[in-house]
Amino acid sequence: MFVVFTSCAQDKRPIQGETEFQKELNAEYKDASKSPLKDKDRKNFKGLDFFKVDSSYVVTATLTRTPDSKWFNMKTTTSRVSKERVYGILSFQLKGKAYQLEIYQGKDLMVKEGFEDYLFLPFLDETNGLESYGGGRYLDTRIPEGNTMQIDFNKAYNPYCAYNDKYSCPIVPRKNYLKTRVEAGVKVFNKD
């Protein structure tokens with residue numbers, strides 16, 4: 001007699017990723033309760049495509065705070081607006097060149113428990129529309145104690161609307177365009 005044992009083991013593939021950040025993101029996108037992916041895209045989802053982790057994309061930036069900045073309506077991919085303010089200007093060197101990015105604080109998030117010190121760093125670069133999502137990518141960070149902070153572009157991720165148009169995502173302000181290729185973080189999502 002020949003017996004075949006089958007199980008759901010094939011559905012329990014190990015979570016892909018080179019780093020803890022990549023594994024956590026892939027686990028979240030695989031989980032139906034948290035994933036921004038459409039059901040049809042999640043069904044065959046094995047993992048996001050990332051640029052190779054590169055330590056030259058981990059930079060120390062000087063933060064110049066802008067405490068008197070006014071709240072403004074950051075446009076999104078829908079009619080919704082996000083109340084934000086420029087928390088500060090980040091100045092840093094990347095691959096030997098000087099750059100600046102505005103970093104934002106959200107009015108609604110700063111009153112949510114656990115997000116009081118949350119900062120939002122959206123950016124555009126010359127990989128957008130090619131290897132990375134055309135609308136730019138995001139980084140999440142926290143208010144530092146001093147006036148320097150580490151930016152790890154290897155943790156750059158796509159907005160949810162890159163995967164599913166039901167989401168409303170902040171549009172990256174043109175001021176946050178880096179005139180260079182940032183070959184780090186999540187690449188564009190190729191639907192199967």
Side-chain donor/acceptor pairs under 3.5 Å, residues 106-118, sequence neighbours excluded:
from: Glu116; atom 1: OE1; to: Gly114; atom 2: N; distance (Å): 3.0
from: Glu116; atom 1: OE2; to: Gly114; atom 2: N; distance (Å): 3.3
from: Asp117; atom 1: OD1; to: Arg142; atom 2: NH1; distance (Å): 2.8
from: Tyr118; atom 1: OH; to: Asp140; atom 2: OD1; distance (Å): 2.4

Would you check if Pro36 and Arg42 make a side-chain contact, meaning some heavy-atom pair closer than 4.5 Å? no
Residues in salt bridge (Lys or Arg N to Asp or Glu O under 4.0 Å) with Lys52, at least two apart? none
What one should report as the nearest heavy-atom pair of Pro67 and Arg85 is O-NH1, 3.8 Å
Where do Asp125 and Val182 come nearest, in terms of heavy atoms and distance? OD2-N, 3.0 Å
My understanding is that only residues two or more places apart in sequence, or in another chain, count here; which of them pass ring-ring contact (aromatic ring centres under 6.0 Å, His included) with Tyr29? Tyr163
Who pairs with Tyr99 by ring-ring contact (aromatic ring centres under 6.0 Å, His included), at least two apart in sequence or on another chain? none
Hey, does Lys95 have a side-chain heavy atom less than 4.5 Å from the side chain of Thr180? no
Close side-chain approach of Leu178 and Leu101, heavy atoms under 4.5 Å: yes
Evaluation steps, ring-ring contact (aromatic ring centres under 6.0 Å, His included), between Tyr138 and Phe120: CA-CA 7 Å; Tyr138 300 165; Phe120 175 54; 4.8 Å; yes
Any side-chain donor near an acceptor of the partner, Tyr87 and Arg65, under 3.5 Å: yes
Under the salt bridge (Lys or Arg N to Asp or Glu O under 4.0 Å) test, residues paired with Glu18 that sit two or more places apart: none
Please examine the side chains of Asp165 and Lys38, heavy atoms only from C-beta on, and report whether any two atoms are closer than 4.5 Å. yes
Between Asp31 and Ser35, a side-chain donor and acceptor under 3.5 Å: no
Determine whether the aromatic ring centres of residues Phe51 and Tyr57 are separated by less than 6.0 angstrom. no
Does the side chain of Phe72 reach to within under 4.5 Å of the side chain of Val81, using non-hydrogen atoms? no
In the structure I gave you, are the side-chain heavy atoms of Tyr104 and Leu119 within less than 4.5 Å of one another anywhere? no
Under the salt bridge (Lys or Arg N to Asp or Glu O under 4.0 Å) test, which residues partner Glu126, sequence neighbours left out? Lys179
